[in-house]
Amino acid sequence: MSDSKTLKPTHPRRVRGAQTAGPQAQQNLLRAASELFYREGVRTVGVDAVVERAGVNKMSLYRQFSSKDELVMAYLEQKDEQFFGYVEKSFAQHPGDPARQLQQYFDDLARRASVEDYRGCPFVNVAVEFSDPEHPARQFVFRNKQRLMARLFELTTAAGADDPQALADALGLMIEGVYAASQTYGPGCGPIQIAPKVAAQLIAAACGETRGGTRAAGVTSVK
């Protein structure tokens, strides 16, 4: 990836001082990369901008990361850990109740996607920037999404969905829709606000309790 492009200063810059120790330099660089890559885009941000934001010199960057590609992969690994932290925190609110765990995730996602400066899913953003499906960054995004779908499938199965894969696929599609809507309609838009209710309808239709020997019908319209 090219590192020739730099950003105009849209964020306060750190002042470079004495040489920063290795672990601290790495932490500063990852923090700067995370802020800039998420807000401005991976391809737009050059290493000069990351170095300036981190308050270290370029030599410090290349001591920690052999290339910008390696820095991008470290950024994705960090975002992956944060993302599944959000996911599992939602699920943990309702131990032993997989249907409610799924619902809670949509409640929390809608709140997160309604924050004013929300920039959508960092993995979707990276996938859009790299057209080659074999690029390591695209492959990382694919693994992230696979892992999420596997986790959704675990819960739809545990919740007793009549077709666990179909429900997991539908919920996965809705999650991606929330990400897209936050950037096209804007954070906190109507489509985001309605997403938890639509998710509840899908979950109820697929996992509803049987009544009198017949599965309860799911709601088919949004009111």
Side-chain angles (χ1 to χ4, degrees), residues 1-90 92 105 108-109 111-132 134-148 151 175 178-179 182-183 186-188:
M1 280 179 272
S2 171
D3 62 3
S4 61
K5 295 181 180 178
T6 58
L7 294 177
K8 294 181 179 179
T10 57
H11 303 276
R13 294 177 173 178
R14 302 178 192 275
V15 178
R16 295 179 189 160
Q19 183 174 351
T20 308
Q24 186 61 52
Q26 185 177 76
Q27 184 179 15
N28 290 351
L29 286 162
L30 270 174
R31 183 185 301 113
S34 181
E35 293 168 356
L36 293 172
F37 288 166
Y38 184 64
R39 298 296 169 199
E40 309 293 344
V42 170
R43 285 198 179 276
T44 302
V45 176
V47 295
D48 288 340
V50 175
V51 164
E52 191 70 28
R53 177 74 172 142
V56 301
N57 57 44
K58 192 176 288 189
M59 185 64 71
S60 293
L61 185 148
Y62 288 116
R63 285 196 188 100
Q64 303 302 319
F65 306 98
S66 63
S67 64
K68 184 182 173 185
D69 281 326
E70 189 173 309
L71 178 60
V72 170
M73 297 307 292
Y75 159 72
L76 289 172
E77 288 170 4
Q78 183 183 69
K79 286 298 184 184
D80 184 74
E81 182 177 352
Q82 291 173 352
F83 172 74
F84 282 103
Y86 294 142
V87 171
E88 296 303 330
K89 184 177 179 180
S90 290
Y105 180 71
D108 292 341
L109 175 61
R111 280 192 288 271
R112 200 161 64 247
S114 297
V115 176
E116 186 175 347
D117 61 349
Y118 185 68
R119 277 282 290 123
C121 174
F123 306 101
V124 172
N125 296 346
V126 166
V128 170
E129 290 194 81
F130 295 93
S131 59
D132 180 4
E134 300 305 316
H135 190 283
R138 281 286 297 275
Q139 289 294 306
F140 192 102
V141 171
F142 180 67
R143 291 191 297 272
N144 170 273
K145 298 300 181 179
Q146 276 191 316
R147 182 181 169 190
L148 175 61
R151 194 69 177 94
I175 291 169
V178 169
Y179 296 148
S182 72
Q183 302 308 296

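Under the 4.5 Å side-chain criterion, counting only non-hydrogen atoms from C-beta, Y86 is not in contact with D108. Side-chain contact between R138 and D132 is absent, with no heavy-atom pair separated by less than 4.5 Å. In this structure the side chain of F140 never reaches within 4.5 angstrom of the side chain of V126, judged on heavy atoms. Between Y62 and V47 the shortest side-chain heavy-atom distance falls below 4.5 Å. Side-chain contact between L148 and I175 is present, with heavy atoms from C-beta onward closer than 4.5 Å.
Take E88 and apply the side-chain hydrogen bond (donor to acceptor under 3.5 Å, both in side chains) test, not counting sequence neighbours, and it matches R151. R112 pairs by the side-chain hydrogen bond (donor to acceptor under 3.5 Å, both in side chains) definition with nothing, not counting sequence neighbours.
Looking at R53, its side chain never comes within 3.5 Å of a backbone N or O of A33 through a donor-acceptor pair. Using a distance-only test at 3.5 Å, with no hydrogens or angles considered, no donor-acceptor pair links the side chain of N28 to the main chain of V56. Judged by distance alone, with hydrogens and angles left aside, the side-chain atoms of E35 form no donor-acceptor pair with the main-chain N or O of V50 at under 3.5 Å. Within the 3.5 Å criterion, the main-chain N or O of V42 finds a donor-acceptor partner in the side chain of K68. Looking at Y118, its side chain never comes within 3.5 Å of a backbone N or O of Y179 through a donor-acceptor pair.
Salt-bridge formation is detected for the pair D80/R147: a Lys NZ or Arg NE/NH1/NH2 atom is positioned less than 4.0 Å from an Asp or Glu carboxylate oxygen.
Atom CZ of F84 sits in a crowded spot, with more than 12 heavy atoms from other residues, nucleotides or ligands closer than 6.0 Å. Counting heavy-atom neighbours within 6.0 Å of Q146 CD, excluding the residue itself, gives a total above 12.
Side chains of E40 and T44: a donor-acceptor N/O pair is absent below 3.5 angstrom, by distance only.
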